[in-house]
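Written below as structure tokens is the structure these notes are about.
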Amino acid sequence: MKLTRLPPLKKLIVQKNCSLKDTIKIIEQGGQRIAFVVDNRKFINVITDGDIRRALLKKFNLETKISNIIKKKKCKYLNINSSFEMIQNQMTPQITHLPLVNDQMILVDYAINFKLNKIPVSEPQFLGNEIPYLNDCIKSGWISSGGKYVKLFEKKFLNLTKSNYSLSVTSGTTALHLALASLGIKKNDEVIVPNLTFIAPVNAVIYLGAKPVIVDVNKNNLCIDPNKLENAITNKTKAIMLVYLYGHACDVDKIRAIAKRKKLFLIEDCAEGLGTYYKKKHVGNFGDVSTFSFFGNKTITTGEGGMICFKKKSHYEYAKKLRDHGMNKNKKYWHDHVGFNYRMTNLQAAVGLAQMERLNFFINKKREMAKKYRFYLKNNNYLFFSKNFPNTKSSYWLYYIKLKKNISHLRDKIINKLLENGIEARNCFYPVNLMPPYKKYFTKKNNLNNSLDLSKCIIALPSSVNLVEKEIKNICLNIENILKNLKTGNR
Ligand SMILES: Cc1ncc(COP(=O)(O)O)c(C=O)c1O
């Protein structure tokens, strides 16, 4: 699909001392019938073609400076960190473009018709059967957890992971909670978790009253480091949590062997690993249980949603029961356990099935994206590129660059500069051991140097399947220029 994006912010900017004549040209080129007036980079006001028409009909002429005609005009704007809801509330048929500023009033983006203009880090694509399947749910009345799409989605998922059982749930986080519960993880047990991860797998351990034991990651593949694992195992350890961060896999066999030898469960958190392969097999079938997320930024999405895959029938059956309030399947409203309501709806599963039908397209797109990023950044001296671990294929859920140590202090500046140029980029997750609720789980004997270093120097780049080559090239050119300017001190 050919994607046409809105003009970049800089094409819609006019300086306050610009003449009406030049402003007309800028508005014309931007094609939005509006321009944003700034003083240097500070936002002042908006000006529309209507404002100019009215000014010319009064006492002004084409040489008048626009600062004279916007003096009394009031306009709406919001801070860049405003929620979508706040942005939506400002939009009216009259206010179609909303300037977004940072805390210093510098204009950094704009929203139009409820959509941010910037190239986002991730963005879903619904070009398959999502709408017909959703219509089918609505027409049939099956909108909660009964209905055919839940079963179809779970089955389609099994075909991919080749696990024995699959169970859909409400999110990647509830998938982790339920997966751990189904393995019998309980108060005072220990579960080994990586120090660099989205926080959900660590929280899920804590929900059960168990203790997360924090271990460092490998500096190349970002997964938990098998060489540092054994040190952290005690007689209370019950499980190892393997997170495929950003979609990268690692030496899974080595981690499996440790789990087997020490009689520990292995849980694979594949939230970011849909489309990740190890030794030609999709991840999610190497451990006892594996979990997936279908949040809006994931490779496939159901809005919110998750999936658990199991090897053993007993774990699956127990999880299925816990998912439905711990209710006895032969005796309605009789509860054998304190369970949860973690059931996925037919509506979510309908979207999930349609997304799964296009999974190969999504994964190929992500792999092509990664190749293009590497190609356009290949001559860069300030960045590291990690190689895939042997026998693995990354899903490239998020493509990231790693700044060399001597410039890692510039990370936030680079991210802000990219944002000013209409490109969203993100810093990496913070090391778990540094955040107040988790500090107490860190024991000094574990060296966490890799996660501490990686967290400072990783920048995640736009990675949606909607990206076109021109945009990737433009993002890379921006990175090159920003790095060059920051290094030469030319800000
Ligand atoms: C590695 C990892 N695990 C778990 C989750 C939690 O998934 P959800 O947001 O669907 O609850 C996420 C992300 O969102 C994740 O990145």
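When a ligand or atom number is given, it counts from 1 through the structure's own listing order. Position 1 is the first residue of the sequence; numbering continues from there. Below, each value reflects all heavy atoms present in this structure, side chains not excepted, and no hydrogens, waters or symmetry copies.
Interface of V243 with ligand 1, defined as ligand atoms under 4.0 Å from a residue heavy atom, comprises 1 (C). Shown in contact with G172 at under 4.0 Å from a heavy atom are these atoms of ligand 1, numbered in order with element: 6 (C), 7 (O), 8 (P), 10 (O), 11 (O). With ligand atoms numbered from 1 in the order given, ligand 1 contributes 10 (O), 11 (O) to contacts under 4.0 Å with heavy atoms of S171.
For L477, the CG atom sits in a packed shell: over 12 heavy atoms of surrounding residues, nucleotides or ligands are nearer than 6.0 Å. The environment of F384 atom CZ is sparse: at most 12 non-hydrogen atoms of other residues, nucleotides or ligands sit within 6.0 angstrom.
Across the listed options E304, E272, K298, K298 owns the non-hydrogen atom lying nearest to atom 13 (C) of ligand 1.
Considering backbone and side-chain N/O atoms, D269 comes within less than 3.5 Å of an N/O atom of ligand 1. Checked against a 3.5 angstrom limit, the closest N/O atoms of A271 and ligand 1 fall outside it.
Between Y373 and Y399, the two ring planes are parallel [angle under 30°; tilted spans 30° to 60°]. Under the 30°/60° scheme for interplanar angles, the aromatic rings of Y400 and Y246 are found to be tilted. Ring geometry, F157 versus F153: the interplanar angle exceeds 60°, so the pair is classed perpendicular (tilted spans 30 to 60°).
Regarding atom 12 (C) of ligand 1, its nearest protein heavy-atom neighbour is F198 CD2, 3.3 Å. Of the protein's heavy atoms, T173 OG1, 3.4 Å lies nearest to atom 6 (C) of ligand 1.
Of all the heavy atoms of A200, the ones lying under 4.0 Å from any atom of ligand 1 belong exclusively to the side chain.
For the pair D324 (side chain) and M327 (backbone), a donor-acceptor distance under 3.5 Å is absent.
Taking 4.0 Å as the cut-off between side-chain N and carboxylate O, D453 and K405 count as a salt-bridged pair.
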